[in-house]
Structure formats: C-alpha cells, structure tokens
*Asks:* 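I have a structure here, written as structure tokens, and I will follow up with some questions on it.
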Amino acid sequence: MPRFHRPAASACAALVAIAALAAAGLPGTASARTPDAAGPPTVADPSPALLTAMGRDLGLTRAQARDRLANEAEAGATAGRLRLALGDAYAGAWVRGAESARLTVATTDPADIPAIEAHGARATVVAHTLAALEAASTAVDRAASRTAARTTAVDAPVRYVDVRTNTLVVQAVRPAAAHDLVAAAGIDPGLVRVETSTDRPRPLYDIRGGDAYYMNGSGRCSVGFAITKGTQQGFATAGHCGRPGTTTSGYNQVAQGSFQASTFPGRDTAWVATNTNWTSTPYVKGQGAANVQVAGSTQSPVGASVCRSGSTTGWHCGVIQQHNTSVTYPEGTISGVTRTTVCAEPGDSGGSYISGSQAQGVTSGGSGNCSSGGTTFYQPINPLLQAYALTLKTTTGPGPGDPGEPGEPGGTWAAGTVYAAGAQVTYGGVTYRCLQAHQAQPGWQPPNVPALWQQV
C-alpha cells in the first residue's frame, strides 16, 4: 500500500488564530466575543489569513467565520458541563450550522431534557450511551489487533462512534469484513452501522508547526507543534515518521535532532529533541511564512472547524467529524485519533491541526488528496503530551530554559499538566472539576477560565 511519503521538500503554509476559550454557562445561541483587557481573553482576534482560509474551504464570510469560532468555543464549555451533569446517561454532543450556532446534546434519559435546554442546547433522546458505544469500539479494536484478524481489519479500516446517529460505524471496502470483525469482537450488532467505502487510509509520510523535516535523508514529514521537556527543546510529530534514534534535519537541510520516543501502531505519537541550533517557538507556519500563535490545547467538539498545516499542501480547513476513532493501516491499528474532512497529501504527516489558536493534534493518515478532497485522521495532542511528559510551547507558556515539566493530573493545579475532562484539582483551597481536555498554561488558573474549570 503506498504511503504519503515525499523524497524532497516543498513549501508549506499554515495559518491560525483565535483562542478557543469562551466564558461558558451562557444560555441561548453563542455570539462572538472580544478580548477582555482585565483578564484572559475569551476569544482572541482571528488572523485575516485564518478567516480567508475558512472562507475558501468552508464557504463562509469573514463575519460567519468569526462567529463560528466564538460559538464553537462556547459550545465546548457547555458540552463539558452537561457531560458531567448527565453522568452515565450522556450520549455525546455536536454543533451544526454554518456558524455552529446550534449545540445538540444527546442523552438516554428523557428526564435530562430540561437541564439540557436550560443551557441553551437542543436535547435529543437516544438508545445508547456514549460509554456503551465507546466500549463496543474498544472491543472491535482489540479484535482488529489480533494477528488472525489483521487482513480482515485492513478491509474494514475505519471505526468510530458517530454521536449524531448514536451508532458505532465501521467503514469497509468489503462489508463482509466489517461483519466478521464485529462478530470477532463479540459485541451487539445492533450497535453497529456498516458503511461501504473505497478508502484505504495510509500514514501521511513523507521549529514551527507545519515546517518540513527529513528523516535520515530517506523521507520527509512535517513538524506538529513545538514543545519543551525541561530545558530540552523539540517538537511533537507522528510516530510513523520515525523510530527512536532516527536522526532529522530541518526544512533547510541543516542537522536538527533525533527521535526520542515513538509509538506506531497502537497510537501515532512521537517527539524529536533538537540540538542547540534550534529553538522551539509558539507558532504554526502561516500564509506567506507568517507566524500564527499557539495559545493552548483545549479540545474542540465534533462539528467544529479545524485547520491543518503541512509541508506539502500548506493550510487547509475542514470539520471535526468524530473523536476517538480507530483506523487500521497496513502496518496495524491505531486508536484514539480524530476523523476530519480536511485534505492532506504525502509529506503532510506529523503536521499541525489547530482550531482557532488551540492545538488539536498531529496529522496521522487519510485518503484522497487536496484536489478531489479527502478524509484525514489526527492524533490528539494532549495524550501525546501526557505520554511523553512534554510541555506545549505556547504564547502564554514557559520561555526557553524554564523547567515547564508537566506534573501528575489531579492534586493541586499546576501549569504544564495535561488535564482530562472530569479531572479534579484544588486551587486556593477550592476544588475544581475539568470541563475540557487541555494542558494548563500560566494565567489559566481555575478561577480565571470558567470555560475549562467548574467549582465543585
């Protein structure tokens, strides 16, 4: 199966813009916000380049693009609060409309409808909880990882929980392969919808996000996001691009560093430590080589807009279709990736996915191209940071040489720590619960960012 691999570099482009933090808990339709000079901004000013890219790829006016980004930020916080409030009955959330103005939250309990509507969201009652569908997805992943099922899994390569239809979707080149995989997993077929597809995803082979780098002179990938690990500088990227010890050179062919850790398949994560000639910066490469700021790593919801930077095709935008997707490449299955409508081509692997100014993940693989369109998958950035104890380089984060070492989730709030939704911390003697997955940044103390933390 061909890989998205390039033997030579090409120019890349990337843009970005607005902070995905909005004051949450506001009823009704979200609306665009402006920075608050007295504290952390709810939504920063989107760059003109980002608005242009969203207009091109999503068919939006500049005003619609601004409103969409603000609405999506608010929707993420509202969905996080409702997930905690609904508990086991929660069945997912998504946004709709050109401006993402409608948030829908699903539940298995009709008694939850008033609570959902009180938060300004539309309620829908479904048959299966999100937890039940995700458990079924995990069972299918286990079946796909068995040696005897490898060929079957390659013919049914993509699986994801579709919260909008309340089903576990298995996309297959041969529908019989999907049914065999479900049977091998031992799950209820009533949870599953099989879709026939000709797509056969493969890794997108080929220190600003989106810049090219080369591995041992044998191929090219793209930088995901600049990171630090204590005083060591480097970048996060895709695991399939290299193994520990693989040396790299930068976009200018100057010696750069080496892979320190890499996981693929299973996950698609890696990080590269760079030499002293390279400095981590809180930027993704933008249109015309402009620097676009990375402010944090708050996860955007299903239906939200997301844009990608890569060293082959530059900057393209689309929509988040599903989180926690599983995909089987010829090399094996990876789980926990996010499926999107953004296109990509060889050499884009490892590159940045960003929503507003919030880092989302690194390019893993996909199908199609940027001429006819396609589907891509990214490895979420927060699990990558946590797995390797890395700190995302942000405009609010530690400077070069600062320790910046993430701590353990839970306990006392600390900058640099990756927090999952539902995690509890103490700050100033008060307990808070995390609403949206993110890596904590200086200035994002729980009382300051109600979009991320709720007092218990």
Side-chain angles (χ1 to χ4, degrees), residues 4 6 10-20 30 32 43-73 75 94-101 204 206 208-212 222-225 283-295 300-321 338-363 366-378:
F4 279 10
R6 289 289 191 211
S10 65
C12 69
L15 325 179
V16 79
I18 87 173
V43 174
D45 246 356
S47 72
L50 172 64
L51 299 178
T52 297
M54 291 180 70
R56 179 195 66 200
D57 294 338
L58 296 174
L60 303 175
T61 66
R62 288 188 170 235
Q64 287 176 317
R66 287 176 183 274
D67 286 348
R68 178 166 183 151
L69 291 167
N71 290 342
E72 289 167 357
W94 59 95
V95 291
R96 293 183 60 188
E99 299 174 21
S100 296
L204 300 176
D206 250 347
R208 282 182 305 182
D211 274 338
S222 301
V223 174
F225 293 94
Y283 303 114
V284 167
K285 187 176 182 180
Q287 187 74 28
N291 287 331
V292 183
Q293 295 184 359
V294 178
S300 290
V302 168
S305 56
V306 67
C307 298
R308 177 195 54 74
S309 172
S311 61
T312 297
T313 59
W315 182 258
H316 286 273
C317 299
V319 171
I320 293 173
Q321 293 180 306
T338 295
R339 180 172 179 258
T340 81
T341 63
V342 186
C343 68
E345 294 184 9
D348 288 330
S349 273
S352 326
Y353 273 81
I354 193 161
S355 186
S357 62
Q358 299 298 304
Q360 298 297 307
V362 299
T363 305
S367 55
N369 56 51
C370 288
S371 296
S372 60
T375 297
T376 52
F377 307 91
Y378 66 78

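Values reported hereafter were calculated over all heavy atoms of this structure, with side chains retained and with hydrogens, waters and symmetry mates removed. A quick note: this is a predicted structure, and the numbers were derived from the prediction, not measured.
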*Asks:* Report yes or no: does Ser311 contribute a side-chain atom to a donor-acceptor pair with the main-chain N or O of Gly347 at less than 3.5 Å?
*Replies:*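 Yes; at least one donor-acceptor contact below 3.5 Å.
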
*Asks:* Suppose we screen for side chain to side chain donor-acceptor pair (under 3.5 Å). Which residues come up paired with Ser352, at least two apart in sequence or across chains?
*Replies:*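 In terms of side chain to side chain donor-acceptor pair (under 3.5 Å), with neighbours along the sequence ignored, Ser352 is linked to no residue.
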
*Asks:* Run Arg208 and Val223 through side chain to side chain contact (heavy atoms under 4.5 Å, CB included) and show every step you take.
*Replies:* CA-CA 7 Å; Arg208 282 182 305 182; Val223 174; over 6 Å; no

*Asks:* Write down the atom of Gly374, the atom of Cys343, and the distance for their closest heavy-atom approach.
*Replies:*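 Heavy atoms of Gly374 and Cys343 come nearest at N-CB, 4.4 Å.
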
*Asks:* Between Asp211 and Lys285 (side chain of the first, backbone of the second, donor and acceptor by atom type, cut-off under 3.5 Å), is there such a pair?
*Replies:*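 Judged by distance alone, no pair lies under 3.5 Å.
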
*Asks:* For Arg68, give me all partners under salt bridge (Lys or Arg N to Asp or Glu O under 4.0 Å), at least two apart in sequence or on another chain.
*Replies:*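 Arg68 satisfies salt bridge (Lys or Arg N to Asp or Glu O under 4.0 Å) with Glu72 once adjacent residues are dropped.
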
*Asks:* For the pair Thr312 (side chain) and Pro346 (backbone), establish whether a donor and an acceptor sit closer than 3.5 Å, ignoring hydrogens and angles.
*Replies:*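 Yes, the answer is positive, given that a donor and an acceptor are paired below the 3.5 Å cut-off.
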
*Asks:* Are any of the side-chain heavy atoms of Gln321 and Thr341 separated by less than 4.5 Å?
*Replies:*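 Side chain of Gln321 against side chain of Thr341, heavy atoms only: contact under 4.5 Å found.
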
*Asks:* How long is the span from the CG atom in Leu58 to the SG atom in Cys307, to the nearest 0.5 Å?
*Replies:*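 So the gap between those two atoms works out to 7.0 Å.
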
*Asks:* Could you report the tightest heavy-atom contact between Thr313 and Ala344, atom names first, then the distance?
*Replies:*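 So the minimum-distance heavy-atom pair works out to OG1-CA, 4.5 Å.
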
*Asks:* Would you sort out whether Thr376 and Tyr353 count as a side-chain hydrogen bond (donor to acceptor under 3.5 Å, both in side chains), showing the intermediate values?
*Replies:* CA-CA 11 Å; Thr376 52; Tyr353 273 81; 2.5 Å; yes

*Asks:* At what distance, to the nearest 0.5 angstrom, does OG of Ser305 lie from CD1 of Ile320?
*Replies:*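 Here the interatomic distance stands at 7.5 Å.
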
*Asks:* What pair of heavy atoms forms the shortest contact from Asn71 to Ala101, and how long is it?
*Replies:*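 Residues Asn71 and Ala101, closest heavy atoms: ND2-CA, 3.9 Å.
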
*Asks:* Which heavy atom of Cys317 sits nearest a heavy atom of Asp57, and at what distance?
*Replies:*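 Shortest heavy-atom contact: N-OD2, 2.7 Å.
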
*Asks:* Are any non-hydrogen side-chain atoms of Pro48 and Arg62 less than 4.5 angstrom apart?
*Replies:*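 When only atoms from C-beta onward are counted, Arg62 and Pro48 do touch, with a gap below 4.5 Å.
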
*Asks:* Please report the interatomic distance CD(Glu99) to CD(Gln64), rounded to the nearest 0.5 Å.
*Replies:*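 Rounded to the nearest 0.5 Å, the CD-CD separation comes out at 5.0 Å.
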
*Asks:* Quick one: pull up CG in Asp348 and CG in Asn369 and give me the separation to the nearest 0.5 Å.
*Replies:*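 Interatomic distance, Asp348 CG to Asn369 CG, rounded to 0.5 Å: 11.0 Å.
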
*Asks:* So do the side chains of Arg308 and Thr340 get within less than 4.5 Å of each other, counting heavy atoms only?
*Replies:*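 Arg308 does not reach Thr340 side chain to side chain.
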
*Asks:* For atom CZ of Arg96, decide whether the heavy atoms of other residues, nucleotides or ligands shown that lie under 6.0 angstrom number more than 12.
*Replies:*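 No, the 6.0 Å shell around CZ holds no more than 12 heavy atoms from other groups.
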
*Asks:* Please check this pair: side chain of Gln360 against backbone of Gln358, looking for a donor-acceptor N/O pair closer than 3.5 Å.
*Replies:*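 Looks like yes, one N/O pair under 3.5 Å.
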
*Asks:* What are the two closest non-hydrogen atoms of Tyr378 and Gly361, and how far apart are they?
*Replies:*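 Scanning both residues completely, I find the closest heavy atoms to be CD1-CA, 3.7 Å.
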
*Asks:* Calculate, to the nearest 0.5 Å, the distance between atoms CE and CG belonging to Met54 and Leu69 respectively.
*Replies:*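 If we round to the nearest 0.5 Å, Met54:CE and Leu69:CG are 4.0 Å apart.
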
*Asks:* For Val95 and Ser100, which heavy atoms make the closest approach, and how far apart are they?
*Replies:*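 It is CG2-OG, 3.8 Å.
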
